[in-house]
There are 2 protein chains.
Amino acid sequence: MRISTTAHYASRLLANLATYDSDKPVPAAVLSDNTGISVKFIEKIIRPLKTAGFVRSVRGASGGHMLCIRPEQVTLGQVLRVMEGGVQPPQCCPDQSCGEHDCAARSAWNSVAQALEQTLESITLADLMRDNLDRYPCQ
Amino acid sequence: MRISTTAHYASRLLANLATYDSDKPVPAAVLSDNTGISVKFIEKIIRPLKTAGFVRSVRGASGGHMLCIRPEQVTLGQVLRVMEGGVQPPQCCPDQSCGEHDCAARSAWNSVAQALEQTLESITLADLMRDNLDRYPCQ
DNA sequence: TTTAATTCCGATTAAAATGATCTGGATTGT
DNA sequence: ACAATCCAGATCATTTTAATCGGAATTAAA
């Protein structure tokens, strides 16, 4: 079972963006240099983050992206919901036949999902920024 | 982000198997009837469970599968490790460049993985068996 | 001893999710 | 006007996941 990578990308991006002034647009090219993620891919993953209101962008020459929330206020859970609609527990039965019942298997896996969400809710962007970005470029 | 479905299948299978005498082989066809999972697919997902020592099988006519551990002794975490090698946190950097550093982003995601594993460790097969199987066939 | 029931195993296929790029349009400071 | 930049949708490529297939090996029972 893998922990989401797109949410991971998004959080790295946001954390990197957070190291800049929030009123001076940072071009995607710069974020790309910092993170190693291609400009095109950054453009893609930044879309939902804009829709969610985490990022604001200005177009045209000397445009770019700005974080418009404080890092301590964004949790990994929020990022994950924005990027992939949160944590999806498995369908219990192949044919959905258990949806109506009080099925122990289903509720067990639901509680796993819930616990995971809770953990994700306890970590903010600020937690991802503790290191020096020059020395530890992977944020 | 999706919660593992193969581990879910495996746990359903084991929980169903646990409702039978552990010294009388249950054919895959019966498990298939109970769970709605095809015989062939059951054969496949039961392989690693045998290797792990959770299940024992006898071949030939009137053969089948038997659970050879007690349901309270098998956690979802164990099942998941057997089926897919546990919880994999995301690679921090695309080029692995952060593997050596003390990277906050990496350790944050590692702690998510760890918390998830801990939750999985707290749920056993027995927890998946609380309901009546006739009324709630999806286990 | 034949037959039918069954597990076993590797290969293969099918479907879905993920990761990433492409192409071109729209906007805007210089 | 021009160059820098974001924007949006389509497309491609890769990997993962889900599931099936075909046939060999085993064994109880007829």
Side-chain angles (χ1 to χ4, degrees), chain A residues 1-10 12-13 17 20 24-33 35-52 54-68 80 83-88 90-95, chain B residues 1-10 12-13 17 20 24-33 35-51 54-68 80 83-88 90-96:
Chain A
M1 171 161 176
R2 292 184 318 162
I3 297 271
S4 171
T5 62
T6 50
H8 178 240
Y9 275 8
R12 282 213 291 144
L13 210 56
L17 196 53
Y20 292 90
K24 212 180 70 180
V26 184
V30 172
L31 298 172
S32 174
D33 277 350
T35 60
I37 306 174
S38 82
V39 170
K40 282 300 179 186
F41 200 41
I42 286 179
E43 285 183 349
K44 183 172 189 178
I45 63 192
I46 220 168
R47 281 181 226 185
L49 298 172
K50 287 165 48 66
T51 312
F54 296 158
V55 172
R56 187 162 49 97
S57 309
V58 292
R59 306 171 73 165
S62 80
H65 306 282
M66 294 160 292
L67 192 67
C68 51
L80 193 111
M83 297 305 289
E84 0 174 350
V87 180
Q88 309 289 346
Q91 297 185 346
C92 197
C93 298
D95 54 1
Chain B
M1 173 160 176
R2 293 182 317 161
I3 295 272
S4 170
T5 61
T6 50
H8 178 241
Y9 274 9
R12 283 214 291 142
L13 210 57
L17 195 52
Y20 291 89
K24 213 181 69 178
V26 185
V30 172
L31 298 172
S32 174
D33 278 350
T35 60
I37 306 172
S38 79
V39 170
K40 282 299 185 185
F41 199 42
I42 286 179
E43 285 182 351
K44 182 171 190 180
I45 63 193
I46 220 168
R47 282 180 224 184
L49 298 172
K50 287 165 47 67
T51 311
F54 296 157
V55 172
R56 188 161 48 98
S57 308
V58 292
R59 306 173 71 168
S62 79
H65 307 282
M66 294 160 291
L67 192 67
C68 51
L80 193 110
M83 297 304 290
E84 358 174 352
V87 180
Q88 310 287 346
Q91 297 186 345
C92 196
C93 299
D95 55 1
Q96 239 97 328

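As a basis for the values below, the full set of heavy atoms in this structure was taken, side chains included, without hydrogen atoms, waters or symmetry mates. Order of the sequence lines fixes the chain letters, A, B, ..., with proteins taken first and strands second; residue numbering starts at 1 for each chain.
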J.: Look at the side chain of A:Lys40 and decide which nucleotide, out of C:dG24, C:dT7, D:dA19, has an atom nearest to it.
T.: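 So the nucleotide nearest the side chain must be C:dG24.
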J.: Base contacts versus sugar-phosphate-only contacts with protein, heavy atoms under 4.0 Å: please encode nucleotides 10-15 of chain C as B, S and - from 5' to 3'.
T.: B-----
J.: Rounded off to whole Å, could you give me the NE2-to-C1' distance for the A:His65 and C:dT27 pair?
T.: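 Nearest whole value for this atom pair: 13 Å.
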J.: Do B:Lys40 and B:Ser38 pass the side-chain contact (heavy atoms from CB on, under 4.5 Å) test, and can you show the C-alpha distance, the side-chain angles, and the key distance before you say yes or no?
T.: CA-CA 5 Å; B:Lys40 282 299 185 185; B:Ser38 79; 4.2 Å; yes
J.: Nearest 0.5 Å, what's the CZ-CD distance between A:Arg2 and B:Glu84?
T.: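 The CD atom of B:Glu84 is 10.0 Å from CZ of A:Arg2, to the nearest 0.5 Å.
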J.: Toward the 5' end of DNA chain C, which comes first, B:Ile46 or A:Ser4, by nearest nucleotide?
T.: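 Final value for this comparison: B:Ile46.
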J.: Starting from the 5' end of DNA chain C, give me the residue, A:Val58 or B:Val39, whose nearest nucleotide shows up first.
T.: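 The answer here is B:Val39.
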J.: Using OP1 and OP2 only, check whether a side-chain N or O of A:Tyr9 sits under 4.0 Å from C:dA20.
T.: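 Affirmative; the distance criterion is met.
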J.: What's the spacing between A:Ile45 CD1 and A:Met83 CE if we round to 0.5 Å?
T.: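 Separation between the atoms: 5.5 Å.
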J.: Find the distance between CG (A:Leu13) and CZ (A:Phe41) and round it off to the nearest 0.5 Å.
T.: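 Going from the CG atom of A:Leu13 to the CZ atom of A:Phe41 covers 10.0 Å.
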J.: With nearest nucleotides of DNA chain D determined for B:Arg59 and B:Glu84 from heavy-atom distances, which residue corresponds to the more 5′ nucleotide?
T.: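 Closest to the 5' end, via its nearest nucleotide, is B:Glu84.
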J.: Would you confirm whether B:Thr35, through its side chain, and B:Leu31, through its main-chain N or O, come within 3.5 Å as a donor-acceptor pair?
T.: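 Such a contact is found between B:Thr35 side chain and B:Leu31 backbone.
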J.: Measure the distance from CE on B:Met83 to P on D:dT16 and round it to the nearest whole Å.
T.: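 It is 17 Å, rounded to the nearest whole Å.
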J.: Does any part of the side chain of B:His8, heavy atoms only, come nearer than 4.5 Å to the side chain of B:Arg12, both counted from C-beta?
T.: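 SC-SC contact between B:Arg12 and B:His8 confirmed.
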J.: Looking at B:Leu17 and B:Leu67, what are the two nearest heavy atoms and their distance?
T.: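 Looking at all heavy atoms of both residues, the shortest contact is CD2-N, 3.7 Å.
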J.: How long is the straight-line distance from NZ of A:Lys50 back to CZ of A:Arg56, given to the nearest 0.5 Å?
T.: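 One finds 9.5 Å between CZ of A:Arg56 and NZ of A:Lys50.
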J.: For A:Ser57 and D:dT5, is the shortest distance between a side-chain N/O and OP1 or OP2 below 4.0 Å?
T.: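 A:Ser57 to D:dT5 OP1/OP2: no side-chain N or O under 4.0 Å.
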J.: For D:dC6, does the base pair up with any side-chain atom of A:Glu43 as donor and acceptor (N or O, under 3.5 Å, distance only)?
T.: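 Between D:dC6 and A:Glu43, which were checked side chain against base, a qualifying N/O pair under 3.5 Å is absent.
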J.: Within residues 24-33 of chain B, which residues have any heavy atom lying less than 4.0 Å from an atom of DNA chain D?
T.: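 Those residues whose heavy atoms fall under 4.0 Å from DNA chain D, taken from residues 24-33 of chain B, amount to none.
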J.: Just how far is it from atom CD of B:Glu43 to atom CZ of B:Arg47, taken to the nearest 0.5 Å?
T.: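 Going from the CD atom of B:Glu43 to the CZ atom of B:Arg47 covers 7.5 Å.
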J.: Taking only the side-chain nitrogens and oxygens of A:Ser62, find out if one of them lies under 4.0 Å from OP1 or OP2 of D:dT5.
T.: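 For D:dT5, neither OP1 nor OP2 has a side-chain N or O of A:Ser62 closer than 4.0 Å.
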